[in-house]
Each structure stands twice: as structure tokens, then as C-alpha cells.
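Working notes, beginning with the structure itself.
Numbers for residues simply follow the sequence, beginning at 1.
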Amino acid sequence: LPSRYEHEETSLVMIDSLLASIGLEIDLSNLDEPLKQIGGGIDSKQFGTVYEWNGKIDTPFTSRDWVFIKEAIYGGALPKSHA
């Protein structure tokens with residue numbers, strides 16, 4: 001955790017910790033792919049919603065989705081330490 005409490009930064013650390021606890025990680029080199037599998041737990045290709053809508057199959061959460069979520073929490077572009 002950060003040396004002093006800051007809600008937004010602590011929330012970013014919490015997201016990474018929660019993903020890691022279920023065996024997943026944001027992959028900045030493959031933003032449009034499912035999260036990186038780093039261990040047992042939830043299959044990255046099944047994490048999120050997979051459904052057919054209007055003839056198109058929607059995909060699981062991608063790394064880009066999670067970067068967007070983290071940027072929304074942070075209030076702008078992420079510093080490299082939280083990307």
C-alpha cells in the first residue's frame with residue numbers, strides 16, 4: 001500500500017490485488033485480449049460476460065477494460081506505477 005492513504009491510489013492497488021487473487025493480471029502488451037492468466041482461479045477467457053447480441057459475440061473483460069476502469073477511478077491517465 002502507499003505510504004500514506006490516498007483513496008484513489010489505494011483503490012488501484014486493491015484492483016490489482018483482487019485480480020491477482022483470482023489468478024489474473026492486466027497485460028499492457030495485449031490490451032485487447034482477455035486478462036493475463038498468472039495462476040489458478042478464474043479462466044481469463046471466461047471472466048466477464050460472454051454473450052451473443054445482434055449476431056456478434058461479446059468477449060470477456062480485456063486488459064483495456066480494466067485500464068479504463070482504473071483511469072476512471074484515478075481521474076485521468078494512470079502513472080506508470082499503476083498502469
**Asked** Would you say the side chain of K70 lies within less than 4.5 Å of the side chain of I15, judging by non-hydrogen atoms?
**Response** yes
**Message:** Using only atom types and a distance under 3.5 Å, with no angle test, would you say the side chain of D65 pairs donor to acceptor with the backbone of T62?
**Reply:** yes
**Expected output: side-chain S63 to main-chain L28 donor-acceptor under 3.5 Å** = no
**Message:** Treating Q37 as the side-chain partner and G39 as the backbone partner, does any N or O pair qualify as donor plus acceptor under 3.5 Å?
**Reply:** yes
**Prompt:** When rounded to the nearest 0.5 angstrom, what distance separates CG in L24 from CG in D16?
**Reply:** 11.5 Å
**Item:** Rounded distance [0.5 Å steps], CD in E71 versus CG in L78
**Value:** 4.5 Å
**Request:** Search all heavy atoms of P60 against all heavy atoms of S44 and return the closest pair with its distance.
**Result:** CB-O, 3.8 Å
**Prompt:** Which heavy atom of Y74 sits nearest a heavy atom of E9, and at what distance?
**Reply:** CE1-CG, 4.1 Å
**Message:** For D27 and L35: C-alpha separation, side-chain torsions, deciding distance, then whether side-chain contact (heavy atoms from CB on, under 4.5 Å) applies.
**Reply:** CA-CA 6 Å; D27 186 354; L35 295 167; over 6 Å; no
**Message:** Distance check, rounded to the nearest 0.5 Å: I38 atom CD1 versus E25 atom CD?
**Reply:** 4.5 Å
**Request:** To the nearest 0.5 Å, tell me how far H7 NE2 sits from M14 CE.
**Result:** 7.5 Å
**Message:** For residues L12 and F68: do they belong to one hydrophobic cluster (side chain heavy atoms under 4.5 Å, members Ile, Leu, Val, Met, Phe, Trp, Tyr)?
**Reply:** no
**Request:** Find the distance between OG (S11) and CG (L18) and round it off to the nearest 0.5 Å.
**Result:** 10.5 Å
**Request:** Nearest 0.5 Å please: distance from the NZ atom of K36 over to the CG atom of L19.
**Result:** 13.0 Å
**Prompt:** Which class fits the ring pair F61 and W66: parallel under 30°, tilted 30 to 60°, perpendicular over 60°?
**Reply:** perpendicular
